[in-house]
Novice: 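After the structure tokens below, expect a handful of questions from me.
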Amino acid sequence: MVSKKLLLPFLLMVSLFASYNSQAQNFSSTFIEYAYGWNNTDYVTGANPQNGGMNLFTLDHTTVTKWGGVYGFVNYMGAPSGFYMTGFDNEIPDEGAANYRLYSEVSPWVSLSGVTGKDFSFGPVADVSIDGQLNFGNGFMAGLAGVGLTFKAPKGGFLKLSTYWRTDNIRHDAVQFTGVFDLPLWRKLGFRMQGFFDLIPNATNRAEFGSTDMGTDFISQTRFLFDVGRNTVFKNDKNTKLEFGVDIYMHFNKDLAANNSNAFVPQPCVRLTF
């Protein structure tokens, strides 16, 4: 059962966003993506298939309005040969688990400029928001609440940095910094860079897990994408886009390196946005 402590920041953000969502919709996008990586060795997050190879299917949705927005995704991680146990520094097969794992996040936010009618921009910052997040996966759940800064970006781009207070069922409460970006690299040819990073400094496990020092976690998923439909028979329209590229998953933690927590996984990907 999800605790009230975890649900409170999420429900607050959802209720605030829902009260304004029906007013106007400025942007909405959904994509499905498939990627395959050969070097998945992350025992902390559970991306640790027994042969290193893993299929990754992602369903992702974003809605942005004048008053805020909501972002969410579901990852389906498939390993035909099965996974190893999570959190171990030796290779113990997870015999009791299926050959797939799921991970999901939902992140609503409320624009202070949109809600108040006042201009919260300053310098390179285009807007300030109240942000929330709820994460689920592999027996793990986390609730986050904080403040976000949306930065001025090139036309068609998006750049945001959020500072959260994070509570979950494994670690002690901690600060988390999250960056989200979608930036054109070569607009004429349809190249762009899209993804996120999470930085959690100096966290420790809860007492029931030994109160061990978890060090500083850095997790990132960066995609370099080429709009292949632009100049081919696929002929993208305003709402549909076919892209090929490379998806790079990274997880670095100097203090937990001995536990196979570090990972660098370049993986080819194909994405259909609609």
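These values consider heavy atoms only, across backbone and side chains, with no hydrogens, waters or symmetry-generated copies.
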Novice: Working note: F120 + V125, criterion side-chain contact (heavy atoms from CB on, under 4.5 Å); need CA distance, chi angles, decisive distance, verdict.
Specialist: CA-CA 8 Å; F120 276 79; V125 174; over 6 Å; no

Novice: So that I can tick it off, tell me whether K160 and D131 are bridged by a salt bridge, with the cut-off set at under 4.0 angstrom between side-chain N and carboxylate O.
Specialist: yes

Novice: Working to the nearest 0.5 Å, report the span between CE of M54 and CZ of R101.
Specialist: 9.5 Å

Novice: Which atom names give the shortest non-hydrogen contact between S28 and H61, and what distance separates them?
Specialist: OG-CE1, 3.2 Å

Novice: Under the side-chain hydrogen bond (donor to acceptor under 3.5 Å, both in side chains) rule, what do S107 and E105 come out as? Steps first, then yes or no, please.
Specialist: CA-CA 7 Å; S107 306; E105 294 186 5; 4.6 Å; no

Novice: What I'd like to find out is whether the side chain of D247 reaches to under 4.5 Å of the side chain of E33, using heavy atoms alone.
Specialist: yes

Novice: Mind running side-chain contact (heavy atoms from CB on, under 4.5 Å) on K66 and S113 for me, showing each step along the way?
Specialist: CA-CA 8 Å; K66 176 182 177 181; S113 296; over 6 Å; no

Novice: Please report the interatomic distance CG(L189) to CZ(F226), rounded to the nearest 0.5 Å.
Specialist: 7.0 Å

Novice: For the pair S121 (side chain) and D127 (backbone), establish whether a donor and an acceptor sit closer than 3.5 Å, ignoring hydrogens and angles.
Specialist: no

Novice: Tell me whether N40 contacts the main-chain N or O of G52 through its side chain, where contact means a donor paired with an acceptor under 3.5 Å.
Specialist: yes

Novice: Partners of Y100 by ring pair (Phe, Tyr, Trp, His ring centres under 6.0 Å), sequence neighbours excluded?
Specialist: Y76

Novice: Passes side-chain contact (heavy atoms from CB on, under 4.5 Å), F218 versus F197? Steps please.
Specialist: CA-CA 7 Å; F218 177 81; F197 70 82; 3.8 Å; yes

Novice: Find the distance between CG (N135) and CG (L144) and round it off to the nearest 0.5 Å.
Specialist: 6.0 Å

Novice: At what distance, to the nearest 0.5 angstrom, does CE of M141 lie from CG of N169?
Specialist: 4.5 Å

Novice: If you measure from the Lys or Arg side-chain nitrogens to the Asp or Glu carboxylate oxygens, is any gap between D198 and R166 under 4.0 Å?
Specialist: no

Novice: When the ring planes of F140 and Y103 are compared, do they come out parallel, tilted or perpendicular, using 30° and 60° as the limits?
Specialist: parallel

Novice: Can you find a pair of side-chain heavy atoms, one from F252 and one from T216, that are under 4.5 Å apart?
Specialist: no

Novice: Does the side chain of P80 reach to within under 4.5 Å of the side chain of N55, using non-hydrogen atoms?
Specialist: yes

Novice: Can you confirm whether F224 sits close enough to L185 that some side-chain heavy atom of one is under 4.5 Å from a side-chain heavy atom of the other?
Specialist: yes

Novice: Could you tell me how the ring of Y71 sits relative to the ring of F73: parallel (under 30°), tilted (30 to 60°) or perpendicular (over 60°)?
Specialist: tilted

Novice: Can you say whether the rings of Y34 and F57 are parallel (under 30°), tilted (30 to 60°) or perpendicular (over 60°)?
Specialist: tilted

Novice: Can you tell me how far CZ of F264 sits from CG of D42, rounded to the nearest 0.5 angstrom?
Specialist: 14.0 Å

Novice: Does any part of the side chain of F158, heavy atoms only, come nearer than 4.5 Å to the side chain of T62, both counted from C-beta?
Specialist: no

Novice: Check step by step if side-chain contact (heavy atoms from CB on, under 4.5 Å) holds for Y36 and V265.
Specialist: CA-CA 9 Å; Y36 186 85; V265 189; over 6 Å; no

Novice: If you round to the nearest 0.5 Å, how far is OG1 of T41 from CG of N48?
Specialist: 8.5 Å

Novice: Judged by atom type as modelled, is there a donor-acceptor pair below 3.5 Å linking the side chain of D94 to the main-chain atoms of F83?
Specialist: no

Novice: Given salt bridge (Lys or Arg N to Asp or Glu O under 4.0 Å), test E243 with R223 step by step and report yes or no.
Specialist: CA-CA 11 Å; E243 296 172 290; R223 303 173 178 102; over 6 Å; no

Novice: Got T58 and N75 here, is their nearest side-chain heavy-atom distance under 4.5 Å?
Specialist: yes

